[in-house]
Every structure is written in structure tokens, then in C-alpha cells.
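The structure appears below as C-alpha cells.
Numbering starts at 1 and runs along the sequence shown.
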Amino acid sequence: MHTEDRPTPSWMAAVAKVGRLTTREQEVFLLLADGPTNGEIADSLFITERTVRAHIVSILAKLGLCSRLKACLAAAAYTQTTTPTLAEAG
């Protein structure tokens, strides 16, 4: 199968929807690109793991994703196709 014959992964559509996220959700989303645990995200942003979980639930809903893995894949694709900064995330 040639690369151009492969269907586009369902999570790719989420990349175009990142602008729907709040600034904090975008920060969490960008961190997901490296596959960290909720605890690692919490420590990085100085928030609780419960808050991280709430942000991830919101991210999944807003981006139309059904799993954290798909969010991580979308975040990795997003960071490879753009050069996001916190200023742009806001």
C-alpha cells in the first residue's frame, strides 16, 4: 500500500480544532505530545492531577476525540506542523 493510498487517521481532524481550546487546555494539549502522565503534567503546570484529568476530558470533547492516545497523536502532529508558543496558545 502506498502512502497516498492510506486513509487519513481520524484524529488528524482534531489538529484544525485546537483553537477551540482555552489557554490552559492548549498548554495541557501541547504537553500531551510527549506522552506524559497526568502527574507529570500536573507538576509541570503546578495544578492537581484532578484538574489535569478535567482538562483532558474537555480537550477530548472539544476536539472530537475518544481517547487520550488519539489526543497525544494529535498533539504530536500539531507540534510538528506548527511552532506553537504559549503566546500563540492564548
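Here the side chain of Gln80 pairs no donor or acceptor atom with the backbone of Ala77 at under 3.5 angstrom.
The ring pair (Phe, Tyr, Trp, His ring centres under 6.0 Å) pairs that include a residue from residues 6-33 are Phe29-Tyr78, where partners are two or more places apart or lie in different chains. Within the structure, the salt bridge (Lys or Arg N to Asp or Glu O under 4.0 Å) test picks out the following pairs touching residues 43-65 (sequence neighbours left out): Glu25-Lys62.
Residues Val57 and Leu65 are members of separate hydrophobic clusters, defined by side-chain heavy-atom contacts under 4.5 angstrom among Ile, Leu, Val, Met, Phe, Trp and Tyr.
Here Cys72 contributes atom SG and Ile56 contributes atom CD1; the two are 7.5 Å apart, rounded to the nearest 0.5 Å. The structure places NZ of Lys70 at 13.0 Å from CG of Leu63, a figure rounded to the nearest 0.5 Å.
Leu45 places none of its side-chain heavy atoms less than 4.5 Å from the side chain of Val52. The shortest side-chain heavy-atom distance between Arg68 and Asn38 falls under the 4.5 Å cut-off. Counting heavy atoms from C-beta on, the side chains of Arg24 and Ile47 come closer than 4.5 Å. The closest side-chain heavy-atom distance from Leu21 to Val28 is not below 4.5 Å. Side-chain contact between Pro9 and Leu73 is absent, with no heavy atoms from C-beta onward closer than 4.5 Å.
Partner Thr79 forms a side chain to side chain contact (heavy atoms under 4.5 Å, CB included) with one of Leu31, Asp34, Leu32, Leu30 and no other, that one being Leu30.
Taking Thr51 as the reference, Thr48 meet the side-chain hydrogen bond (donor to acceptor under 3.5 Å, both in side chains) condition, with sequence neighbours excluded.
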